[in-house]
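Just so it is clear, the values below take in all heavy atoms, side chains as well, and ignore hydrogens, waters and symmetry mates. So that the names make sense, note that chain A is the first sequence line, chain B the second, and so on, each numbered from 1. Just so it is clear, the model here is predicted, and its values are computed rather than measured.
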Amino acid sequence: MGAGYGSTFHLGGISFQAGAGSVVGLIGPNGGGKSTLLKAVAGVIPLREGQIRLGGRPLRRNEGHIAFVPQREEVNWDFPVSAGDVVLMGRYRAAGWVRRPGAEDRRKAGAALARLGLEGKGNRHISQFSGGQQQRIFLARALVQEPRVVLLDEPFTGIDQENREVLHQVIAGFARDGVIVLIATHDLDEVAAMTTHVCCLAGRFVAFGPTASTFTPETLRATFGGQLAVFA
Amino acid sequence: MLDFITEPLGYPFIQRALIEIVIVGTVCGLVGCFVVLRGLAFVGDALAHTVFPGVVLSYIAGRSIMIGAFAFGALTAIGIGVLSRSRRVSADSAVGVLFAAFFALGVVLISRQAGFKKDLGSLLFGNVLGVSREDVIATLIIAVIVIAVLFLLLKEFTVVAFDATMARSLGYPVFALDLVLLLLVAATIVVSLQTVGNILILALIVTPPATARLLTDRLGQMMALSVAAGVLAGVAGIFISYHADTAAGGTIVLAGTALFLLALVFAPNHGLLSTFLQRRRGYHHVHHYHPIDEAAPPGGH
């Protein structure tokens, strides 16, 4: 597949397959195309070439299979919604057009908040939570979507140890349920620890493969050029 | 004191004006919430001006101004949507170009009409005291349609406004939803035209939701309070303008502004007064940030 913005930036020749339960780390320098790839999969920017297939057939976004967990900076924290409202948005697609989420959807939203340690805090406005808790709200929203693919955009940035562990549990939980997790991140330690596969992007497609065999000093040098000191 | 209210109520034109402003306050208050939350105030202002040539044409043809106004409003909504898709023209510029061009067209059309001057004022500044029974009925019908569409698509509009990335990843037709929202704004402007006119419409669409946002953190409450603020400003404005012998449109807008200023100072969480007091009590976060206990670790799976 390939994707890009206007005529100025184009990321092409990307091709990889990830099985159910894979955790794929998207790595590369700034401007290397991590976000572009994530946004192309999310459908925010159109594909320029190729296609994305899910379970053997072309991906249809309106089936609600994709959950996107945005970066903190990309969320409008002044929007008048409570934590519970945000999580409930994960059920909107399942509810369908026009219809409102029902009691079952509310129960699932409440359960997801509880699973992420935010039980009983669903009525608070989203700006009244700490950074780590705010990320948990969006993880809860991804959970209730019951997706087949989860996209995480720089999830490890600026979170403390406790929230990091929560994030690890959620990612592991998704993988156990057969969900494909794509993580765009700068945090190479997390890539080594958490992922089953890596996809290296440096303005072009560099490499894809199991973390064990692909996450090597050679690939990293090819991906980051001279920007990274590799201590093997 | 009671005379203040009962005396004007004796006049049928005041009764009609009150009914009209309640309908207009309601629809503006609801649609305005999304105008404010999406940051579309400039687009709203543009729409209010671009309907002007439609109004003039309807006037020349001797038809209801709503028909021409809505035609040009819809044209603008589509124009903004299409132009802003081009990467070479920013959405702001697209709106600016259409805004000026259409208003200029109205000015040019007017300059060819002799004897139009006397009605120009009511077109630009509205004339809520002059609405007919038919106007009120037409307003009611359009308002009901606008509100129905808004509520049917409420959850979709909310997702697009809050998180467009999520909306796209869910496969929502974001462009089409934006277009529908712009059309609702256009229709809202059309029905409000006769109450406060082109120039002041924005105040009915933006001020009540902005007031409501100061008072609550929940969308549902914001919409309810926005309607309350709009209707209250409208009704108060009409009574005050009757007694003070001032222009109804301007008085309505000033009443709405007064409510906004009251909320700005006295709102419980976001108000200047409460922010000041919170800071004195030692809350250093300007943004009313109350950290919730971080303790509870999640219970795993």
Side-chain angles (χ1 to χ4, degrees), chain A residues 5-7 39 41-45 60-64 66-68 70 74-82 85-86 89-90 92-93 95 97-101 114-119 121 123-130 132-133 136 141 145 151 160 162-163 165-166 169-170 172-173 176, chain B residues 33-34 36-39 86-88 148-149 151-174 177 209 212-223 225-226 269-270 285-301:
Chain A
Y5 298 95
S7 54
K39 285 183 175 148
V41 177
V44 177
I45 55 174
R60 289 172 59 88
R61 289 199 177 75
N62 59 13
E63 291 171 348
I66 296 202
F68 190 90
E74 288 180 9
V75 176
N76 175 8
W77 296 107
D78 282 330
F79 199 88
V81 283
S82 66
D85 294 337
V86 171
M89 284 179 193
Y92 279 9
R93 226 3 168 174
W97 284 89
V98 176
R99 290 184 48 219
R100 298 289 143 85
R115 184 170 152 188
L116 288 165
L118 297 172
E119 194 161 17
K121 290 168 188 160
N123 278 327
R124 298 189 185 221
H125 186 251
I126 48 171
S127 69
Q128 295 179 324
F129 293 87
S130 72
Q133 291 175 323
R136 289 193 226 162
R141 186 178 77 175
Q145 265 185 263
L151 312 173
D160 61 15
E162 185 203 325
N163 283 298
E165 277 160 24
V166 173
Q169 285 175 26
V170 172
R176 208 160 36 236
Chain B
C33 284
F34 282 89
V36 166
L37 291 173
R38 292 289 306 274
S86 154
R87 299 192 57 87
R88 302 232 169 222
V149 173
F151 275 96
L152 285 176
L153 294 175
L154 189 61
K155 87 183 187 307
E156 287 77 17
F157 283 141
T158 307
V159 175
V160 173
F162 176 60
D163 188 346
T165 303
M166 181 195 197
R168 290 211 172 79
S169 72
L170 290 178
Y172 283 125
V174 173
L177 283 167
R213 182 67 188 85
L214 287 164
L215 299 171
T216 178
D217 276 335
R218 302 295 292 271
L219 182 60
Q221 291 172 3
M222 178 177 165
M223 292 171 79
L225 287 168
S226 173
N269 281 320
H270 301 284
H285 290 280
V286 181
H287 194 83
H288 72 96
Y289 169 66
H290 312 296
I292 298 165
D293 55 311
E294 288 268 357
H301 304 294

Pick one of side chain, backbone, both or neither for B:L153, based on which atoms fall under 4.5 Å of a heavy atom in chain A.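 Just the side chain, heavy atoms under 4.5 Å.
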What part of [X] lies closer than 4.5 angstrom to a heavy atom of chain B: side chain, backbone, both or neither?
| X | answer |
| --- | --- |
| A:L151 | neither |
| A:R141 | side chain |
| A:Q145 | side chain |
| A:V81 | both |

Query raised in the report: Is B:E156 salt-bridged to A:R93, going by a charged N under 4.0 Å from an acidic O?
Result: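 Answer for the salt bridge query: no.
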* To do: Using a strict 4.0 Å threshold on nitrogen-to-oxygen distance, state whether A:D85 and A:R124 make a salt bridge.
  =>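 Looking at A:D85 and A:R124, the cut-off is not met.
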Between B:F157 and B:F34, how do the two ring planes meet: parallel, tilted or perpendicular, split at 30° and 60°?
tilted
Here the pair of heavy atoms bringing B:K155 nearest to A:P101 is CD-CD, 4.2 Å
Taking the side chain as everything from C-beta on, heavy atoms only, tell me whether B:V160 gets closer than 4.5 Å to B:M166.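 No, side chains not in contact.
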Can you name the one residue among A:W77, A:Y92, A:F79 that meets ring pair (Phe, Tyr, Trp, His ring centres under 6.0 Å) with B:F162?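 It is A:F79; the other options fail the test.
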With chain A, the option among B:A161, B:G220, B:C33, B:A167 that has the most non-hydrogen atom pairs under 4.5 Å is B:A161
Counting heavy-atom pairs under 4.5 angstrom with chain A, the leader among B:R218, B:Q221, B:M222 is B:R218
